[in-house]
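Okay, structure first, notes after.
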Amino acid sequence: MKSTTALGVTVAGILAASLSLGAQAVPDQPKEWEKCAGIAKAGANDCGALDGSHGCAGQAKTDNLAAEWVYVPAGTCDKIAGGEVKAVKPAKS
């Protein structure tokens, strides 16, 4: 009986530890998004170009153009080489 109880406590501890680690490995949902220019790959930009050369997503001609942008969670753009924050937008709730 004691070994069954000890095994149950051990399993519960392992499950609690893994849930705790999982919560720290993935950040919370962003509360704000940044329009980060200069980091989009060719054909992978979000919406229109900042210079007005086009008005749709997926039309960047080459990688890392200054007028092409993608949304990233707030605080991320400054961590990316070449990224420049152009606007901040609240996340949808």
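Everything numeric here is computed off the predicted structure, so don't read it as measured data. By convention here, the first residue in the shown sequence is residue 1.
Of all heavy-atom pairs spanning V72 and C77, the tightest one is CG2-N, 3.9 Å. Considering all non-hydrogen atoms of both residues, G83 and C36 come closest at CA-SG, 3.8 Å. Contact detail for E34 and G75: the closest heavy-atom pair is OE2-N, 2.9 Å. Of all heavy-atom pairs between A66 and A37, the closest is O-CB, 3.4 Å. Scanning all heavy atoms of the two residues, the minimum distance from Q59 to N45 falls at N-OD1, 2.7 Å. Closest approach of L50 and K86 over heavy atoms only: CD1-CG, 3.5 Å.
Summarising the geometry, atom NZ belonging to K61 is positioned 7.5 Å from atom NE2 belonging to H54; distances are rounded to the nearest 0.5 Å. To the nearest 0.5 Å, atom CG of residue D78 and atom CD of residue E84 are 9.5 Å apart. Once rounded to the nearest 0.5 Å, the distance linking NZ of K89 with CD of E32 reads 12.0 Å.
Looking at D46, its side chain never comes within 3.5 Å of a backbone N or O of A57 through a donor-acceptor pair.
Following chains of ILVMFWY side-chain contacts shorter than 4.5 Å, one cannot reach V85 starting from L65, and the two form parts of different hydrophobic clusters.
At least 2.5 Å separates the SG atom of C56 from that of C47.
Residue pairs meeting the ring-ring contact (aromatic ring centres under 6.0 Å, His included) criterion with at least one partner in residues 71-93, sequence neighbours excluded, are W69-Y71.
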